[in-house]
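What follows is one structure encoded as structure tokens, with my remarks underneath.
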Amino acid sequence: MFDARLRPLIDKPLNAVARQLSGSGITPNMVTGLGFVFGLLAAAALAFRLDHIALGLILLSRIMDGLDGAVARHTQPRSRHAGSKSQESDLGGYYDIVADFLFYAGIILAFAIGRPEHALMAAFLIFCFVGTGSSFLAYAIIAAKTGRNHETQGKKSFYYLTGITEGSETILILVLICVFPQWFNQIAGIFGALCLLTTAGRVMQARRDFG
């Protein structure tokens with residue numbers, strides 16, 4: 001819901017860092033991989049109830065998640081062959097979305113490992129993540145098949161269907177879980193319900209667009 005509003009604010013510092021990294025040999029996929037490693041470390045920290053360490057690692061992971069796209073925008077124009085540029089961009093987009101989905105589910109799983117008393121609500125929240133993720137990706141597949149334009153969304157690898165719960169809101173929830181772990185059940189219940197509303201909205205949008 002807030003991704004489009006926050007994007008201009010986030011892009012400026014990320015682009016500045018990406019310009020400094022251009023020509024260094026650091027590729028977008030390297031940045032994606034580093035972000036994923038930070039995410040795995042955050043999950044491990046949560047499993048051991050090291051909440052503040054997990055919080056810092058989560059934020060580092062999400063910074064890398066935004067930075068990989070900025071690095072791609074600054075390094076890909078240097079590619080000599082347009083075809084190779086397109087392939088690199090597509091593969092990078094694939095890596096990025098797989099890493100993101102594993103990260104989000106992994107953080108909640110790790111929380112449940114460290115605090116099994118919250119396992120039921122953790123399972124509910126992961127179920128809700130599956131709903132938002134599958135409705136998001138399924139729409140993107142059909143949008144690509146039908147040639148639906150996504151350039152208005154910025155430089156994306158595929159069509160991003162918006163909703164109540166997007167990346168910004170999910171990151172906020174993960175931060176709240178680290179800061180207020182004792183309120184996990186309430187946070188997971190509210191956010192899970194919003195995820196279900198997002199899924200329902202996307203299904204209805206797909207029905208209007210593709211029906």
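Note: hydrogens, waters and symmetry copies are ignored here, and every other heavy atom, side chains too, is used.
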Atom pairs and distances, donor-acceptor, side-chain atoms in residues 31-47, under 3.5 Å, two or more places apart:
residue	atom	partner	partner atom	Å
Thr32	OG1	Pro28	O	3.1
Thr32	OG1	Asp68	OD2	2.7

Find out if a path of hydrophobic residues (ILVMFWY) with successive side-chain heavy-atom gaps under 4.5 Å connects [X] to [Y].
| X | Y | answer |
| --- | --- | --- |
| Leu196 | Tyr139 | no |
| Leu50 | Phe103 | no |
| Trp183 | Ile108 | yes |
| Phe111 | Val130 | no |
| Leu174 | Leu60 | no |

* Could I get the full list of side-chain contact (heavy atoms from CB on, under 4.5 Å) partners for Phe101, not counting sequence neighbours? => Ile97, Phe136, Leu137
* Asked: Listed by chain and number, what are the side-chain contact (heavy atoms from CB on, under 4.5 Å) partners of Val179, not counting sequence neighbours?
  -> Leu55, Val175
* So, for Glu166 and Glu169, which heavy atoms are closest and what is the spacing to 0.1 Å? -> N-OE1, 2.8 Å
* Mind listing the closest non-hydrogen atom pair of Ile58 and Cys178 along with its distance? => CD1-SG, 3.6 Å
* Asked: Between Gln205 and Arg208, is any side-chain donor less than 3.5 angstrom from a side-chain acceptor?
  -> yes
* Quick check: are there more than 12 heavy atoms from other residues, nucleotides or ligands sitting under 6.0 Å from CZ of Phe210? -> yes
Enumerate donor-acceptor pairs with a distance under 3.5 Å from any side-chain N or O in residues 112-126 to protein atoms, sequence neighbours excluded.
residue	atom	partner	partner atom	Å
Arg115	NH1	Asp51	OD1	3.3
Arg115	NH2	Asp51	OD1	3.2
Arg115	NH2	Asp51	OD2	2.7
His118	ND1	Asn185	OD1	2.9

When rounded to the nearest 0.5 angstrom, what distance separates [atom1] in [X] from [atom2] in [Y]?
| X | Y | atom1 | atom2 | answer |
| --- | --- | --- | --- | --- |
| Leu194 | Thr170 | CG | OG1 | 10.0 Å |
| Cys128 | Leu197 | SG | CG | 10.0 Å |
| Met204 | Thr199 | CE | OG1 | 10.5 Å |
| Ile190 | Ile173 | CD1 | CD1 | 8.0 Å |
| Ile171 | Ile107 | CD1 | CD1 | 11.0 Å |

* Do Thr198 side-chain atoms and Ile164 backbone N/O form a donor-acceptor pair below 3.5 Å? -> yes
* Any residue meeting side chain to side chain donor-acceptor pair (under 3.5 Å) with Arg207, in chain and number order, not counting sequence neighbours -> none
* By side chain to side chain donor-acceptor pair (under 3.5 Å) - contacts of Thr132 (at least two apart) -> none
* Asked: Is there a side-chain contact between Asp96 and Asp65 (heavy atoms, below 4.5 Å)?
  -> yes
* To do: Measure from NZ or CZ of Arg62 to the centre of the six-membered ring of Tyr104 and say whether it is under 6.0 Å with the direction within 45° of the ring axis.
  => yes
* What do the steps show when you test Leu176 against Phe191 for side-chain contact (heavy atoms from CB on, under 4.5 Å), and what is the final call? -> CA-CA 11 Å; Leu176 290 177; Phe191 192 69; over 6 Å; no
